[in-house]
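This report refers to the structure that appears directly beneath it.
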Amino acid sequence: MSDTTPLIEPRVLKGFRDYPPEKMMPREALIETARRVYRSYGFAPIDTPALEYYDVLAGKGSEETDRQMYQFRDHGDRHVGLRFDLTVPLARFVAQYAHELGMPFKRYHIATVWRGEKNQAGRYREFMQCDFDTVGVRSLASDAEMVLVVSDLMRAIGFERFQIRLNNRKVLNGLLEKFGLRDRAAHVLRAVDKLPKIGAAGVRDELLNVTGISPTAADNVLQLAQLHGSNEQMLTQLAATCRGNELAETGVSELQQVIAWSAAVGVQEPILQLDVAIARGLDYYTGTIIETFLDDLPSIGSVCSGGRYDQLAELFTREQLPGVGASLGLDRLLAAMEELGLAPATHTPADVLIAQFDSGLIPQYFQIARDLRRLGFGAEVFTDARKIGQQFKYADRRGYRAVIVVGADEVASRKIQVKWMADGKQLEFPWDENLSEMASWLRKQLNRE
RNA sequence: GUGGUCGUAGCUCAAUUGGUUAGAGCAUUGGAUUGUGGCUCCAAAGGUUGAGGGUUCGAUUCCCUUCGACCACCCCA
């Protein structure tokens with residue numbers, strides 16, 4: 001290329017981001033944690049194509065879906081789209097392979113999804129979801145298990161101050177039916193959902209003016225949404241309110257059951273809180289619904305939402321395939337952790353750096369590195385012939401805990417120098433077959449005993 | 001998708017109601033320091049003021065367009 005060739009400006013699309021090492025390390029750590037927790041409950045991994053037929057992803061289709069989904073014609077003129085969540089692909093997947101999978105089918109799926117939305121802090125056009133779902137189980141034990149997974153996951157990530165808010169669509173739908181608002185359920189629930197944001201007066205206002213329901217009905221709804229107290233108190237009150245409507249009564253007993261089973265292993269207030277104002281996931285949820293909020297940053301929204309849907313795959317098969325599961329918003333959670341200064345402290349991928357004193361000793365450096373790796377340590381050989389001071393500076397900046405120094409003197413004496421970066425102390429170990437002395441010291445220093 | 005605020009070095013910010021050569025701190029690179037990082041000192045590099053057009057003798061400053069970030073709505077992880 002000549003100097004006059006116009007340069008291409010390096011840039012990324014709106015709502016898309018690069019992940020340098022310092023962003024990627026905590027990201028991978030989080031993914032690893034999610035994977036570990038999911039597996040510990042017996043969920044198995046799957047993956048599906050990022051690109052699918054448009055009509056598979058669009059489902060019933062709506063203005064909103066159309067607006068959010070990236071879609072285009074491929075080279076064979078097929079109408080295709082990028083997945084915008086992991087639940088629709090799951091529905092297609094279980095419908096397609098139901099017979100081979102066997103029920104119950106428990107899967108987790110950690111993958112990127114795309115939405116053509118206007119971006120904001122913690123809200124991107126490309127982001128990662130960490131879903132887990134149980135398909136083919138009607139028992140509420142799976143609902144309770146979902147709560148336990150979320151609770152375990154949040155703790156494993158390092159959060160103590162969070163709330164899992166629990167609700168049930170049957171309660172909401174039953175009561176709306178009772179109030180004669182069934183036909184306007186979506187609007188009413190949407191208004192209710194804004195309670196924490198715009199307050200009771202705001203919700204009432206929206207119910208009256210936007211949704212157009214009667215003042216009596218609005219007050220009924222508001223009174224319901226503002227129920228508060230202990231889970232037990234709320235259940236009692238709810239039961240009274242729901243009396244006479246079969247659907248709502250079922251919902252209350254479901255809530256009761258989920259709360260009781262979760263409590264059996266200690267997941268209860270204040271972590272698990274009944275909240276009648278939680279109404280999201282309007283599309284397909286039919287029973288239990290949960291949302292997870294951070295006590296220290298509620299404004300970022302739910303970082304983990306889920307629930308039960310009776311007709312997961314109804315668009316793809318006549319078989320009845322109920323599902324229950326939740327989705328961790330990895331990128332949103334990371335954005336929250338960043339804002340709260342909770343980004344997990346990560347060091348370099350490797351444990352020790354082997355400095356290069358003399359290019360003639362590179363075979364020895366490679367051998368030491370190989371031996372360390374066999375012993376379970378990560379080891380990087382500094383491959384560039386730079387001044388030793390600069391190599392130490394590199395080690396320091398990258399967060400290396402230890403630096404190995406071997407020069408002519410060490411070769412002569414068959415010793416290895418190891419400098420512990422935190423305190424600057426340097427120790428000498430015999431350079432023997434299995435590096436056992438150095439290995440046990442390193443293990444101790446790195447808390448790997 | 002609708003409405004709004006904002007874009008100056010990699011980052012955080014300066015630059016007199018439009019005035020000539022756009023500065024500083026941190027970060028980066030090199031040196032002081034040819035077997036040892038952080039601290040200190042010296043130096044260098046880094047900018048078509050997001051981009052394009054317009055008004056003007058003159059634009060970082062004013063106007064339009066566009067790209068991007070953020071905020072509210074919509075929706076949602």
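None of these values were measured; they are calculated from a predicted model.
- Remark: ring of A:Phe357 not stacked against base of B:G35; the cut-offs of centroid gap under 5.5 Å and plane tilt under 30° are not jointly satisfied.
- No engagement by A:Gly306 is indicated, since no non-hydrogen atom pair under 4.0 Å with the nucleic acid exists.
- Distances shorter than 4.0 Å separate some side-chain N or O of A:Arg386 from OP1 or OP2 on B:G30.
- In the set B:G35, B:A69, B:G37, the nucleotide with an atom closest to the side chain of A:Lys393 is B:G37.
- Side-chain polar atoms of A:Asp66 and A:Tyr54 form a donor-acceptor pair below 3.5 angstrom.
- You'll find that the side chain of A:Arg332 is closest to B:A77, out of B:A77, B:U36, B:A72.
- In terms of polar N and O atoms assigned as donor or acceptor, the side chain of A:Arg67 comes within less than 3.5 Å of the base of B:C74 in a complementary pairing.
- Taking only side-chain nitrogens and oxygens, A:Gln390 comes nearer than 4.0 Å to OP1 or OP2 of B:G31.
- Not one side-chain nitrogen or oxygen of A:Gln120 sits closer than 4.0 Å to the OP1 or OP2 atom of B:A69.
- Residue-to-nucleotide contacts include no donor-acceptor pair under 3.5 Å from the side chain of A:Lys387 to the base of B:U34.
- Taking side-chain N and O atoms only, A:Lys14 has no distance below 4.0 Å to OP1 or OP2 of B:U66.
- A salt bridge links A:Arg155 with A:Glu160: at least one charged nitrogen is closer than 4.0 Å to a carboxylate oxygen.
- For the pair A:Arg332 and A:Phe127, the cation-pi criterion (under 6.0 Å, within 45° of the ring axis) is not fulfilled.
- Using a cutoff of 4.0 Å between basic side-chain nitrogens and carboxylate oxygens, A:Arg27 and A:Asp331 are scored as salt-bridged.
- With hydrogens and angles ignored, a donor-acceptor pair closer than 3.5 Å exists between the side chain of A:Glu410 and the base of B:G35.
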